[in-house]
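Inspection log for the structure reproduced underneath, given as C-alpha cells.
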Amino acid sequence: MKFNTKTIHGGQEHDPAYGAVMPPIYQTSTYAQTTPGGHKGFEYSRTHNPTRKALENSLASIENGKFGLAFASGLAAIDAVIKLLKPGDEVISTNDLYGGTYRLFTKIFEDFGIKFHFIGMENEDKVASYVNDNTKLIWVETPTNPMMNIIDIKAMAEVSKKHNLLLAVDNTFATPYLQRPLDLGADIVMHSATKYIGGHSDLVMGALIVKDEKIAEKLYFIQNASGAVCGPQDSFLALRGIKTLHIRMQRHCENGEAIAKYLKQHPKIEKVYWPGFEDHPNHNIAKDQMDGFGGMISFVTKGSDYEKAIKIVENLKIFTLAESLGGVESLAGHPASMTHASIPKEEREKTGVVDALIRLSVGIEDVDDLIADLEQAIG
Ligand SMILES: *Cc1c(COP(=O)(O)O)cnc(C)c1O
C-alpha cells in the first residue's frame, strides 16, 4: 500500500459491531466481562481503548512501523521513552531542540540521575566521541526547531548500531509524508501529534512508533503503568486528521516553498532558514532523506532586534501569532519569547535563536494572501 492510501486505510478495519466506516468514539473507561478475564480484548481504557487502538494502528502504518502508541501529549511520549533508562544512563541529544523537550530532560530527568549531552549533530564522529559505557540513547530532532538544521538519520543510525544504543527521532516537523526514520535505521519515532498529524490545532497529543517487538512491549508497559494516555475523542480527531495528512502536507510544502523564496529575495530580509535552499548547509542530506522540505520557515529581518521582531508578528493579520505549528492555518511565532523562552538566552543564541528570529508555520490558505500579509507586516 502506498502512503496516500495508508493515511486513509492503513491498519484500519470497519467497526466490527455495526460496520461503521469511521471507528466510533468509544467513550468508556471499562468493558463488561462475562467471567473474570472473559472479555473481548479490552478491560480498562488506560490500558486499551478501541478508538485509541485504531489510531495507534494507523500511526504504525504511516510510519512503516509495527506498533503505535498514542499519549496525552508529545512530551508525555518523550517522557515514556526516557523511562526506558535508569539512573546513571546517558543520552546524546541534538542541541537545537524543542524547548519543552530540553526542559523535560534538564529540569525533570537530570534530577533522576540521567545525564544529557546537548551537541551539534552535523558530524557522526563528533556524536561517536560522546559515547561511553553509560550511553543508551541518541535523541534526534530533524529538521530542528526553529533553526531548520538537518541531521543525517542514517549516519546517526550507524553510530547507534555500532555502539548498541537506541536511536529516537522526533519526526514532528517532517511527518511520515516527508521522512520515515524507521526506514533509515531509527528504533523509535516520536511525534507531537498536536502538530501536523492532528493538523487542525484542535488537540494535544503525542505518539511513538516502533518496529521491534521488545521495545514496543517495554513502551506499552510504561504507557499503561505511567498512564499518560489520550482520550477516545482526541484519538478520533487525530485519526480524522491523518486521513488528509498527505494532501495537507502537499500544500504546506508548496506554500512553504513559495514563501521561503519570497522572503529570500526580499530586500529587508537578512536570512531565511529553510532546508529547500541549495545554500542551506545540509541541503543534500535533506534531499536524500526527505521527500520535500515542508512548511516550516524561520527568518531574520535586517537590522532587527527584539522590539522590531515583536512588531512584525503583531502586524500580521492572516498569520496568527501563536505557539504551536502544523495546523491548516498559518501561524507565526517569536521563539525567543515563546517556544524557546525556557532555554537560557546564552544557550539559545549559540544555536542561532536570536531575539530577531521569527518562525512561520505556513498553512494551506491561498499563498497570495499569505505573501501579501507578510509584505504589509514587514513593511
Ligand atoms: C510541540 C513539540 C513537542 C511537544 O509536543 P506537545 O504535544 O506540545 O507535548 C515536541 N517536539 C516538537 C518538535 C514539537 O514541535
Side-chain angles (χ1 to χ4, degrees), residues 55 59 63 68-83 91 93-109 116 118 121 137 139-151 153 168-179 181 186 188-209 223 226 228-231 234-235 237-238 241-242 249 252 256 273 275 290 294-298 322-327 331-335 338-343 348 351 353 357 359-363:
L55 167 65
L59 289 164
E63 280 287 4
L69 300 94
F71 292 84
S73 69
L75 284 170
I78 301 170
D79 179 271
V81 174
I82 305 302
K83 284 174 177 161
V91 179
S93 165
T94 324
N95 60 354
D96 181 18
L97 195 62
Y98 175 72
T101 308
Y102 180 82
R103 183 176 56 198
L104 177 67
F105 289 174
T106 56
K107 295 282 188 332
I108 305 285
F109 282 111
F116 296 87
F118 299 97
M121 289 189 166
L137 171 70
W139 186 271
V140 167
E141 199 181 303
T142 182
T144 66
N145 176 22
M147 299 314 297
M148 310 301 150
N149 291 318
I150 301 293
I151 294 163
I153 298 174
V169 177
D170 182 337
N171 204 28
T172 300
F173 269 38
T175 84
Y177 177 79
L178 297 178
Q179 170 174 289
I188 302 171
V189 172
M190 174 263 152
H191 278 279
S192 169
T194 312
K195 317 294 168 52
Y196 288 107
I197 296 279
H200 295 74
S201 305
D202 52 8
L203 55 87
V204 173
M205 185 184 287
L208 299 176
I209 301 100
Q223 183 192 36
S226 286
V229 294
C230 53
D234 284 354
S235 300
L237 284 173
I242 290 173
M249 286 308 293
H252 283 299
Y273 300 92
M290 300 173 76
M296 295 301 299
I297 301 164
S298 294
E323 306 263 1
S324 201
L325 61 108
L331 301 179
H334 180 242
M338 296 167 72
T339 45
H340 289 61
S342 57
I343 303 179
R348 67 176 156 75
T351 61
V353 186
L357 190 79
R359 189 190 77 179
L360 301 178
S361 169
V362 177

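Remember, it's 1-based here, ligands and their atoms both numbered in the order they're listed.
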Go through ligand 1 atom by atom and flag the ones less than 4.0 Å from a non-hydrogen atom of Met205. 7 (O)

Run the numbers for me: atoms of ligand 1, each under 4.0 Å from some heavy atom of Ser73, listed by number. 7 (O), 9 (O)

Tell me whether the guanidinium CZ or amine NZ of Lys83 lies under 6.0 angstrom from the six-membered ring centre of Phe71 and within 45° of its axis. no

Taking both backbone and side-chain atoms of Gly74, is any N or O found less than 3.5 Å from an N or O belonging to ligand 1? yes

Quick check: do Asn149 and Met121 have side-chain heavy atoms less than 4.5 Å from each other? no

Closest non-hydrogen protein atom to atom 12 (C) of ligand 1, residue and atom name please, with distance? Asp170 OD2, 3.4 Å

Would you mind checking which non-hydrogen protein atom is closest to atom 14 (C) of ligand 1, with the distance to 0.1 Å? Lys195 NZ, 3.0 Å

Which of parallel (below 30°), tilted (30 to 60°) and perpendicular (above 60°) describes Tyr102 and Phe118? tilted

Compute the shortest N/O to N/O distance between Phe173 and ligand 1 and return yes if it is under 3.5 Å, no if not. no

Please report the C-alpha distance between Glu63 and His191 in whole Å, then the side-chain angles of each, then the deciding distance to 0.1 Å, and finally whether the side chain to side chain contact (heavy atoms under 4.5 Å, CB included) criterion is met. CA-CA 11 Å; Glu63 280 287 4; His191 278 279; 2.7 Å; yes

Below 3.5 Å, N or O to N or O, backbone or side chain included: is there any such pair between Thr101 and ligand 1? no

side-chain contact (heavy atoms from CB on, under 4.5 Å) with Pro146: of Ile297, Asp96, Leu325, Thr339, only one passes, and it is Asp96

So do Val229 and Gln223 actually touch side chain to side chain, heavy atoms under 4.5 Å? yes

Is the shortest heavy-atom distance from the side chain of Met296 to the side chain of Pro143 under 4.5 Å? no

Region of Glu141 that comes within reach of ligand 1 [heavy atoms, distance under 4.0 Å]: side chain

Taking 4.0 Å as the limit for heavy-atom contacts, which would you say applies to Leu75 with ligand 1: side chain only, backbone only, both, or neither? both

Tell me which protein heavy atom sits closest to atom 4 (C) of ligand 1, plus the residue, atom name and distance to 0.1 Å. Tyr98 CE2, 3.4 Å

Ligand 1 contacted by Leu325 (non-hydrogen, < 4.0 Å): yes

Does the ring centre of Tyr196 sit less than 6.0 Å away from the ring centre of His252? yes

